[in-house]
Amino acid sequence: MKPRMMIIFTIIAIVLQPLFLSLFPESMAPNLGFCILIVCAATLDEKNAIIPAIIVLVTSLFRDLFSNQYVGVVAISMLIVAITVTYVRRRLDLENPIILISFVILANVLYEIVYWVIYRIMGTPYDILYVIKNIPLGIVVDVVIMFVGLFFAERYLGRLRRESYFKEMKW
C-alpha cells in the first residue's frame with residue numbers, strides 16, 4: 001500500500017472515529033486511529049509510516065484534551081505500541097494468518113496495559129480488573145479491522161520483504 005493511500009485512510013479513520021464512538025458502547029467502539037497506526041507500523045517502512053503515525057498521535061492528543069482525564073496518555077500508549085510493533089515486525093512473518101492474528105491481539109493487550117499503567121502512575125483508582133473486563137470486546141472489533149487492513153496491505157509487505165532481501169545480497 002502506498003504511503004499516500006495510508007494517509008488518506010488515516011484521515012478517513014479520524015473523521016469516522018467520533019461516529020463509531022457515538023454508535024457503539026465504549027468497550028465495543030473500534031479505535032480506528034490505533035488500528036491504522038498498527039497497520040502503518042506493520043506494513044510501511046519507517047520513513048513512510050512516520051506521517052500517518054504523526055497524524056494519529058496528534059489527533060489522539062486532541063481526543064485526550066477533549067474527552068479524557070489526562071492529556072497525552074493515549075498518544076504515549078500508541079507511540080510505545082507503534083515502536084514495539086516496528087521492532088517486532090522485522091522478526092515475524094506477518095503473511096501467516098495465525099501469527100498475524102496473535103500479533104494483533106498482543107498489540108491490543110499491550111496498548112491497554114500501557115494505557116492502564118500510565119493512568120495508574122498518574123493516580124487514578126482504576127484496577128487492572130476494570131481494564132481486563134473491557135479488553136475482550138474491544139480486541140474482537142479491533143482485530144477484525146486490523147486483520148482486514150493488514151490483509152489488504154499484505155501485497156506491499158511481501159514486496160517490501162523481497163526488495164529488502166535482494167538489496168542486502170552482495171553480488
Side-chain angles (χ1 to χ4, degrees), residues 6-7 9-46 49-92 94 97-150 153:
M6 195 58 77
I7 291 171
F9 286 140
T10 304
I11 293 170
I12 290 171
I14 288 166
V15 169
L16 290 178
Q17 183 68 35
L19 174 72
F20 285 126
L21 286 173
S22 66
L23 291 177
F24 298 109
E26 187 178 351
S27 61
M28 278 189 63
N31 190 348
L32 295 178
F34 177 69
C35 295
I36 290 289
L37 185 71
I38 298 301
V39 170
C40 287
T43 58
L44 299 176
D45 56 347
E46 288 83 9
I50 194 76
I51 294 173
I54 289 172
I55 293 171
V56 168
L57 293 175
V58 167
T59 55
S60 65
L61 281 173
F62 281 114
R63 194 174 100 195
D64 276 350
L65 184 64
F66 296 117
S67 66
N68 284 344
Q69 187 176 5
Y70 299 111
V71 177
V73 176
V74 172
I76 292 171
S77 301
M78 284 187 185
L79 183 65
I80 290 172
V81 172
I83 290 169
T84 305
V85 166
T86 304
Y87 178 74
V88 169
R89 78 171 167 115
R90 296 178 186 166
R91 286 149 181 77
L92 291 178
L94 292 180
I98 295 170
I99 293 175
L100 182 65
I101 290 173
S102 60
F103 177 72
V104 169
I105 290 172
L106 288 175
N108 270 298
V109 170
L110 179 66
Y111 169 75
E112 292 291 338
I113 297 221
V114 168
Y115 185 82
W116 174 77
V117 166
I118 294 171
Y119 257 75
R120 193 66 172 185
I121 290 170
M122 300 253 187
T124 60
Y126 298 124
D127 195 24
I128 189 70
L129 294 176
Y130 178 76
V131 174
I132 291 173
K133 165 183 88 157
N134 290 329
I135 285 180
L137 287 175
I139 283 180
V140 169
V141 173
D142 286 346
V143 163
V144 168
I145 291 170
M146 281 190 257
F147 190 71
V148 168
L150 287 170

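If you're wondering where the values come from, they're calculated on a predicted model, not measured in any experiment. Positions are given from 1, in the same order as the sequence printed here.
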- Closest non-hydrogen atom pair between Ile105 and Val143, with its separation: CG1-CG2, 3.6 Å
What side-chain donor-acceptor pairs closer than 3.5 Å can you find for residues 118-126, not counting sequence neighbours?
| unit_1 | atom_1 | unit_2 | atom_2 | d |
| --- | --- | --- | --- | --- |
| Tyr119 | OH | Gln69 | N | 3.4 |
| Arg120 | NH1 | Tyr126 | O | 2.7 |
| Thr124 | OG1 | Tyr119 | O | 3.0 |

- Message: Before you tell me yes or no, could you show the steps for Tyr111 and Val74 under side chain to side chain contact (heavy atoms under 4.5 Å, CB included), namely the whole-Å CA-CA distance, both residues' side-chain angles and the distance that decides it to 0.1 Å?
- Response: CA-CA 9 Å; Tyr111 169 75; Val74 172; 3.5 Å; yes
- Measure the spacing between CD1 of Ile113 and OG of Ser77 and express it to the nearest 0.5 Å. 11.0 Å
- Message: Does atom CD1 (Ile98) have a neighbourhood of more than 12 heavy atoms from anything else shown, all under 6.0 Å?
- Response: no
- Task: Taking all non-hydrogen atoms of both residues into account, name the closest pair between Leu57 and Ala75 and its distance.
- Result: CD2-O, 3.4 Å
- Query: Going from CG on Leu106 to CD1 on Ile99, what distance comes out if it is rounded to the nearest 0.5 angstrom?
  - Reply: 11.5 Å
